[in-house]
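Numbers for residues simply follow the sequence, beginning at 1. Quick caveat: nothing in here was measured; it's all calculated off a predicted structure. Because only heavy atoms are used, hydrogens play no part in the values below, and waters and symmetry mates are left out as well, while side chains stay in.
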Amino acid sequence: MYYYPLQPPYFLLLVGFFTALTSGLALSGTLKVIVQQWPQDKSPKEKTNTRSFYKQLLVPFIGITGGSCLFLCSGFEIFGFPTGMALSIGLPMSLLTCFFVWRQLGGLLDYVKSEGMQSLDLDSWS
């Protein structure tokens with residue numbers, strides 16, 4: 001027997017998508033401002049401290065995390081999962097994904113701060 005919700009959460013799906021999208025735009029703008037504030041001529045003895053930038057990036061990233069959780073759980077419910085099962089699958093999946101993206105972002109910021117933005121230019125390798 002199939003499970004069809006009487007009121008699929010289409011509105012919550014759109015709210016989650018909109019929240020993640022606008023928070024992603026805010027994170028992008030914040031990252032651009034942070035990278036532009038880094039001095040162009042830094043000394044090699046300068047200590048890389050990107051931990052202070054995490055405070056500025058935390059609020060937009062929490063918005064992305066919340067929006068993607070809401071989007072994923074609502075999508076599971078629309079496709080026929082019961083609410084409890086949709087939450088038990090969507091919540092850990094999106095939280096773990098966002099946790100790994102946060103760690104990767106921190107590592108990438110540390111790398112760019114120490115090596116410079118030119119070290120990410122992959123077109124120059126060919």
Side-chain angles (χ1 to χ4, degrees):
M1 179 189 311
Y2 292 108
Y3 170 79
Y4 293 108
L6 297 176
Q7 303 257 337
Y10 293 120
F11 180 72
L12 290 178
L13 183 85
L14 292 176
V15 167
F17 179 73
F18 182 73
T19 303
L21 183 68
T22 54
S23 297
L25 292 173
L27 182 76
S28 171
T30 306
L31 276 173
K32 287 178 186 175
V33 168
I34 286 172
V35 170
Q36 287 174 354
Q37 288 177 350
W38 286 344
Q40 299 298 332
D41 52 347
K42 59 182 181 288
S43 66
K45 295 182 180 181
E46 181 182 335
K47 178 121 174 131
T48 59
N49 186 11
T50 56
R51 304 297 178 216
S52 63
F53 299 127
Y54 285 152
K55 294 176 187 174
Q56 297 171 348
L57 298 175
L58 189 61
V59 173
F61 198 80
I62 287 175
I64 293 171
T65 303
S68 64
C69 285
L70 189 61
F71 179 79
L72 192 59
C73 293
S74 299
F76 278 139
E77 280 191 62
I78 288 171
F79 283 111
F81 285 84
T83 304
M85 186 181 286
L87 285 173
S88 66
I89 294 172
L91 205 59
M93 185 187 303
S94 58
L95 289 177
L96 279 173
T97 302
C98 288
F99 171 73
F100 290 131
V101 168
W102 180 256
R103 290 203 38 170
Q104 184 69 30
L105 178 65
L108 190 61
L109 279 176
D110 287 336
Y111 181 74
V112 167
K113 177 89 182 211
S114 64
E115 299 295 324
M117 196 60 96
Q118 291 78 18
S119 63
L120 294 179
D121 188 19
L122 298 177
D123 293 334
S124 66
W125 288 11
S126 57

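From Leu25, atom CG reaches atom CD1 of Ile64 across 9.0 Å, with rounding to the nearest 0.5 Å. Atoms OG1 and CG, from Thr65 and Leu70 in turn, are 12.5 Å apart once rounded to the nearest 0.5 Å. For the atom pair SG of Cys73 and CE of Met93, the computed distance is 9.0 Å after rounding to the nearest 0.5 Å.
In this structure, the side chains of Phe61 and Tyr54 stay at 4.5 Å or more apart for every pair of heavy atoms. In this structure, Phe81 and Leu87 have side chains that are not in contact, with every pair of non-hydrogen atoms separated by 4.5 Å or more. Between Ile78 and Leu13 the shortest side-chain heavy-atom distance falls below 4.5 Å. Side-chain contact between Phe76 and Leu72 is present, with heavy atoms from C-beta onward closer than 4.5 Å. Using a 4.5 Å heavy-atom threshold, the side chains of Leu109 and Leu31 count as touching. Side-chain atoms of Ile34 and Leu57, non-hydrogen and from C-beta on, do get closer than 4.5 Å to each other.
In this structure, the side chain of Ser28 does not engage the main chain of Gly24 through any donor-acceptor pair within 3.5 Å.
Taken together through direct or relayed side-chain contacts under 4.5 Å among Ile, Leu, Val, Met, Phe, Trp and Tyr, Leu27 and Leu108 form part of one hydrophobic cluster. Residue Leu105 is grouped with residue Tyr111 when hydrophobic side chains (ILVMFWY) are merged at heavy-atom distances under 4.5 angstrom, including chains of intermediate members. Note: the hydrophobic cluster containing Leu58 does not contain Leu95 (ILVMFWY, side chain heavy atoms under 4.5 Å, direct or indirect links).
Contacts of Phe17 classified as side chain to side chain contact (heavy atoms under 4.5 Å, CB included), with partners at least two apart in sequence or in another chain: Leu21, Phe71.
Listed here is the closest heavy atom pair of Gly63 and Thr19: O-CG2, 3.6 Å. Taking both residues in full, the closest heavy atoms of Gln56 and Thr30 are given as O-CG2, 3.8 Å, listed atom of the first, atom of the second, then distance.
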